Structures are given as structure tokens and as C-alpha cells.
Amino acid sequence: MSAPAAGGPASGKVVCIGLGPGDPELMSLRAHRHLRAADRVAYFRKAGHPGKARLIVEGMIPDQAEEWAMEYPVTTEIPFDSPRYRTLLAEFYDGWAARLAAGAMRGGVVVLCEGDPFFYGSFMHLHARLPAGLVEVVPGIPGMAGCWTATNLPITWGDDVLTVLPATLPEADLGRRIADSDALVVMKVGRNLEKLRRALAGAGRLADAWLVEHGTMRDERVRRLTEVEDKVPYFSIVLVHGRGRRP
């Protein structure tokens, strides 16, 4: 896919920009250029909250731009595997895909996405519903890269194999994959923390694990997982660094 011409996003497109892990200075030049020229800016958020992606770009959205807050109809209120959850989210994404497509026809829409849009990003559900020729995606530094940098330790060495897991997996699956990994990134921790802690302990990796909350952001917090006793945000990341071939 060719890059847009300098000066703004391609006309007639839905352009999703990856904002990186949280620090606004880690946004790419291309993402910033699209944002500064936007006529319409859409972003996901939980009802009653400003939205993490929107907070990252505070002060960067043009004054004349329309802001479209895409508020999830449900987050953790009901089980994510229930039929009602799936129905509500499907209707939400269907509706917003149609509105974004209409906005693209009126000059273009820029959609904000934390991290990288194609790495556990909500935008992928819209991407699957929009015509391929209507969409442009600007990649961003994934949140996990910001988090392992926050530990000041390399995540992989030599021939280490890195595994990325969602903590929402069943405990047995987590334990099996942890035991078979050299280096590990676990996403979506939140209320899954105790299950993850048991899986790490069972695989003999708990003492090696780090927890990073709000990586690269103003309220960043980095701790050994064994030191954590309080609740943690859903978007916390647990890391286990590789121990492979070193000089």
C-alpha cells in the first residue's frame, strides 16, 4: 500500500493510526501527519471514560475536527463468551463500520488505536467489516515493546522463542504454553491475574515474571510479579525475559 501524499490523509479513506504504547513522543511521523490534517477523528472508549487513545493525543487534534467517540455497549459487565455479549458487540461494530464508511465518502476519517491496530486492537473488527480499498492502516509500536523496555532488560536473547498469550485463556492452556516458552508476554491481565500467577508458578516461572502497568505513560509502574498483591488494570502486561544464548 502506498504512503499518502504529504499534508494529510488520503481523501475518501478510513485511516487507522497506531499511536504506539502510550507516550505521545513514540507516535510515528506518518500517524501524526494524518492526525493533524484530520476532519473527523474516531476513537474507542468505555462509557463514562475519556478513552486511552484519546488521552494520548490530547492537544493534537485540529480544533475544527469532529470527534466521534465509539462507546462500547458492554465491556466486563457480562461474560465475553455469552451470546448476548457477542450480539451487542457485533451490532456495535456493524453500526460503526457503516458510519465510518459514510464518513470516508465525505472526505475521510482518522481512527485512533493504541499500540498497533493489528495486534489485539479493536479496530480489526471494523477492518473486517469495511471494504478493503476504503481502509489504510498506519502501524504503531505495540504496547508490549514499551513494557519490556520499561524493565530495562532485553526480552529475548540468542535463539529464545517468544510467546505472546492472552491471560483470558484457560489456566491449563496458560500453564502448558508457559512451560514451553523461553520468553513470554502475557496480555489482558486484569482480573485474570491470580489464574496467571498459578500457571506461572506451576511452570516454575513465577520468580522470573515482571508486571508492567501503563507502560511508557506518566503513571507507569514496573514490579516483580511476586511483589504484587493489589488489583491490576486489564491492560497490564506480564513479562518473562528469555535466558538464551548470550555473549
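Bear in mind that the values here come from a model prediction, so they are computed numbers and not experimental data.
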Item to complete: State which residues pass side chain to side chain donor-acceptor pair (under 3.5 Å) with W68; sequence neighbours excluded, sorted by chain then number.
Response: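 Partners of W68 by the side chain to side chain donor-acceptor pair (under 3.5 Å) criterion, ordered by chain and then number, come out as E66.
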Worksheet item: Between the side chains of Y72 and S122, is a donor N or O closer than 3.5 angstrom to an acceptor N or O?
Response: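 S122 and Y72 do have a side-chain donor-acceptor pair below 3.5 Å.
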Can any side-chain N or O of [X] pair as donor or acceptor with the backbone N or O of [Y] at less than 3.5 Å?
{"X": "R54", "Y": "R45", "result": "no"}
{"X": "R205", "Y": "L184", "result": "no"}
{"X": "S236", "Y": "V189", "result": "no"}
{"X": "R191", "Y": "Y234", "result": "no"}
{"X": "K195", "Y": "L169", "result": "yes"}
{"X": "K13", "Y": "G133", "result": "yes"}
{"X": "D160", "Y": "D182", "result": "no"}

Could you go through residues 84-98 and list every donor-acceptor pair under 3.5 Å that involves a side-chain atom there, pairing it with any protein atom two or more places apart or in another chain?
{"unit_1": "R86", "atom_1": "NH1", "unit_2": "D81", "atom_2": "O", "d": "2.7"}
{"unit_1": "T87", "atom_1": "OG1", "unit_2": "P83", "atom_2": "O", "d": "3.0"}
{"unit_1": "D94", "atom_1": "OD1", "unit_2": "R129", "atom_2": "NE", "d": "2.6"}

Worksheet item: How many angstroms lie between OG1 in T151 and CG in L211, if you round to the nearest 0.5 Å?
Response: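 Interatomic distance, T151 OG1 to L211 CG, rounded to 0.5 Å: 11.5 Å.
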Worksheet entry | Ionic contact status for R176 with D173, cut-off 4.0 Å |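 Yes, charged N to carboxylate O under 4.0 Å.
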